[in-house]
Amino acid sequence: MWESPHLSAQIIIKYSKFGDPVSARSLFDAIVVSSNSFLWNTMIRAYANEGLCTETLELYLLMRRKGVGPNNYTFPFVLKSCASRSLVSEGKLVHGEAIRTGFESDVYVEAALVDMYAKCGQTDDGRRVFDRMSKRDLVCWTAMITAYEKSERANDSLMLFHQMQEKGGLAADSVTAVSVASAVAQLGDAKRARSIHAHSIRNGFLEDVFVGNSIIAMYSKCGNVEDARLVFNLMEGKDGISWNSMLSGYNENGRASEALLLFEQMQVSGAKPNPVTALIVISSCAYLGSLYLGKKMHNFIINSRLGIDTTLLNAIMDMYAKCGDLDTAVQMFNSILSSEWNVSSWNVMISGYGMHGHGQEALKLFSQMQEEGVEPNHITFTSLLSACSHAGLIEEGKKCFEDMKKLSMIPELKHYTCMVDMLGRAGFVEEAFELIKEMPSEANDSVWGALLLACKIHGNTELGEIAAKNLFHLEPEHTGYYVLMSNIYAASSKWQEVGRLREDMKSRGLKKPAAFSVIEFGKEVHGFHTADQTHPECREVYKMVGELVIKMKMAGYSPDLSCVLHDVEEEDKEHILTTHSEKLAVAFGIMKTDSRSGMPIRVTKNLRVCNDCHSAFKFISSICGRKIVVRDGNRFHHFQAGSCSCKDYW
DNA sequence: TTAGGGTTAG
């Protein structure tokens, strides 16, 4: 029997098909192996198809040592193994052997090489092989299109897709459509997204769940959640990834509450959440800043035994920090051995300390991290610089920036944004502007935005105008920048300029974003707009604000009328201040919660808290003996006994 | 005797 290599090969393949490569190998070893490559190829194929990479490569080496020549059947399997583990150097050696043995231009070997280089992220090497190929089929084209997409070269990916249709005369199938949709998603090109969707409908690709899922992700990343939802609703065979894609689509577009609503529907539908779902939904809670929902989701994750890995733990800690409960985040961090944490865990805590104004603690944690031998990455430095900025630790921040360069890390735009923010807030607006001028690349809207904010805080109209000019050019539709500049003009009573900007906004159809504050206690959530008239208890709330103002005035408070950016009478200004959404929310909290409970009043505001409210909350915390925690658009403020954790520096 | 391309989160 052993004399027939074909029969032996069939048995080896059978063993392999039944998932028993060990028996296959025993049989292989028992056979007197000839110099014929056939049986070797069969055994290598068995290992490669089982995903046993080491075994494949070892057997390949043994084959070479025994003087058996590999051929066009050997290389595709060996290359497949290299691809599966991203073993670039091994793959390149095998490529060399294929050249030496004269099998490089075999179509199967070529295709395997393209695939290997693509999977190892060596896109250009893959392209060189691809260009030399004598015959290319749809799979080869798709492999190369996907390789570009995966290495974030969306334009190259789409260019190749068009070449495939025009020069190659090939039509895409659903697999190609998935990669092309991902490439369009990377570019965020809403117009092309529609055309890919239409193409997929025409060709019936939407029956493939992979295509539906990638189109949902594509629309979401192009800012078109409505169409993503439409595709999602029409999908017949939704799987876990469909739900997750739609959930994260809402998150990406700042619509976290809709993500949570969809999550409820997901549970009703019977679809089973997985750890990715948990990760997405926990970050929705973090975005909303709802401690109640965050805790509820944390319990859900524990009870549903989803399996909590470090990534999910990091997201949970991040959620607690962003929902104002830094203590729980710290407790979680300290309750686990530091060897269990990865660099993101440290980053989460450093940024958590930062957003709550504990700059020194953030720096301490950074030292500890380095003592533990954990290498910081660019996110570590973003978190650190932002922590220094919030705490006004200028010298420390400058040192971090230098440390970063010493570690051969090139500062990115976000690091410059933090530096401009840090210098600008501290009053070094000119120095911040100099830094922008020295930047190796062009400043983006975040960098100029940080400068504009600094100009608003310190009343620098001249530099503010320069920042605004750049911003109006870069982001002509971003309302916030018009508002900031108009606030700068208003603060120096340049009402004509204010009017001009207002007209400009009007002609572009832009509206000032409405201020909105949310207060949460127990299961209750209440929202207030500026001058809210819709809350069922708003009369009582205004009465409470009035009483608080009287008490505050007796304690020395005087309204900061400069916070009213309208050209109106002083008396009206004072009244306008009492209608700010965050004041209404805090007053409601005082009315509804028991001071004896020791629970803080937790308010989240979508925009930056105003100076007058900030001052008022310090008085209220002292008068009412309450802790007030406010999360504004930028950071946390913890008011207690007449002062704020930000030390009036924000 | 042969193979190869795909979706979500961080």
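Both backbone and side-chain heavy atoms feed into the values below; hydrogens, waters and symmetry mates do not. The sequence lines fix the lettering, A, B, ..., with proteins before strands; numbering per chain opens at 1.
- Side chains of A:Glu110 and A:Lys135 form no contact here, defined as non-hydrogen atoms less than 4.5 Å apart.
- When atom types are taken as modelled, the side chain of A:Ser284 and the backbone of A:Ile280 share a donor-acceptor pair closer than 3.5 angstrom.
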Considering only distance and modelled atom types, tabulate donor-acceptor pairs under 3.5 Å from the side chains of residues 94-104 of chain A, sequence neighbours left out.
| residue | atom | partner | partner atom | Å |
| --- | --- | --- | --- | --- |
| A:His95 | ND1 | A:Tyr117 | OH | 2.8 |
| A:His95 | NE2 | A:Glu104 | OE2 | 3.2 |
| A:Glu97 | OE1 | A:Tyr60 | OH | 2.5 |
| A:Glu97 | OE1 | A:Arg64 | NE | 2.7 |
| A:Glu97 | OE2 | A:Arg64 | NH2 | 3.3 |
| A:Glu97 | OE2 | A:Arg100 | NH2 | 3.4 |
| A:Thr101 | OG1 | A:Glu97 | O | 2.6 |
| A:Thr101 | OG1 | A:Ala98 | O | 3.3 |
| A:Glu104 | OE2 | A:Arg132 | NH2 | 2.9 |

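- Judged by distance alone, the side chain of A:Arg631 and the main-chain N or O of A:Cys323 form no donor-acceptor pair under 3.5 Å.
- Ring to ring, A:Phe366 and A:Trp346 are not that close: their centroids are 6.0 angstrom or more apart.
- In this structure, the side chain of A:Ser37 engages the main chain of A:Gly69 through a donor-acceptor pair within 3.5 Å.
- Of the inter-residue distances, the one linking A:Gln165 atom CD with A:Trp141 atom CH2 reads 10.0 Å to the nearest 0.5 angstrom.
- Looking at heavy-atom distances under 4.0 Å, A:Asp106 makes no contact with the nucleic acid at all.
- Taken residue by residue, residues 257-279 of chain A places heavy atoms nearer than 4.0 Å to DNA chain B at A:Val276, A:Leu279.
- Listed by chain and number, the residues in a salt bridge (Lys or Arg N to Asp or Glu O under 4.0 Å) with A:Arg127 are A:Asp131 (sequence neighbours excluded).
- Residues meeting the side-chain contact (heavy atoms from CB on, under 4.5 Å) test with A:Val209, sequence neighbours left out: A:Asn213, A:Met235, A:Asp239, A:Ser242.
- Under the rule for a ring pair (Phe, Tyr, Trp, His ring centres under 6.0 Å), A:Phe75 has no partner lying at least two apart in sequence or in another chain.
- Nucleotides of DNA chain B that come within less than 4.0 Å of any heavy atom of chain A span, from the 5' end to the 3' end, B:dT1 to B:dG10.
- For DNA chain B, the neighbouring residues in residues 171-179 of chain A, judged by any heavy atom under 4.0 Å, are A:Asp173, A:Ser174, A:Val175, A:Thr176, A:Val178, A:Ser179.
- Note that the NZ atom of A:Lys167 and the CG atom of A:Leu160 stand 9.5 Å from one another [nearest 0.5 Å].
- Less than 4.0 Å separates DNA chain B from at least one heavy atom of each of the following residues of residues 227-256 of chain A: A:Ile241, A:Asn244, A:Ser245, A:Ser248, A:Glu252.
- The aromatic rings of A:Phe161 and A:His199 sit perpendicular to each other, their planes meeting at more than 60°, with 30° as the lower class boundary.
- In the region residues 130-142 of chain A, proximity to DNA chain B at under 4.0 angstrom, judged on heavy atoms, holds for A:Asp137, A:Leu138, A:Val139, A:Cys140, A:Thr142.
- The salt bridge (Lys or Arg N to Asp or Glu O under 4.0 Å) test applied to A:Arg85 returns no partner, not counting sequence neighbours.
- No side-chain donor-acceptor contact under 3.5 Å links A:Ser179 to the backbone of A:Thr176.
- Within the nucleic acid shown, A:Phe77 comes within 4.0 Å of sugar-phosphate atoms alone, with no base atom in reach, counting heavy atoms only.
- Of the residues in residues 81-102 of chain A, none has a non-hydrogen atom less than 4.0 angstrom from any atom of DNA chain B.
- Heavy atoms of A:Ala111 sit under 4.0 angstrom from at least one base atom.
- For the pair A:Asp189 and A:Arg194, the salt-bridge criterion is not met [side-chain N within less than 4.0 Å of a carboxylate O].
- In this structure, A:Val211 reaches the bases: a heavy-atom distance under 4.0 Å links it to at least one base atom across the strands shown.
- Side chains of A:Asn203 and A:Asp173: a donor-acceptor N/O pair is absent below 3.5 angstrom, by distance only.
- For A:Gln267, the CD atom counts as densely surrounded, since its 6.0 Å shell holds more than 12 non-hydrogen atoms of other residues, nucleotides or ligands.
- In terms of the ring pair (Phe, Tyr, Trp, His ring centres under 6.0 Å) criterion, residue partners of A:His356 (sequence neighbours excluded) are, by chain and number, A:Phe636, A:His638.
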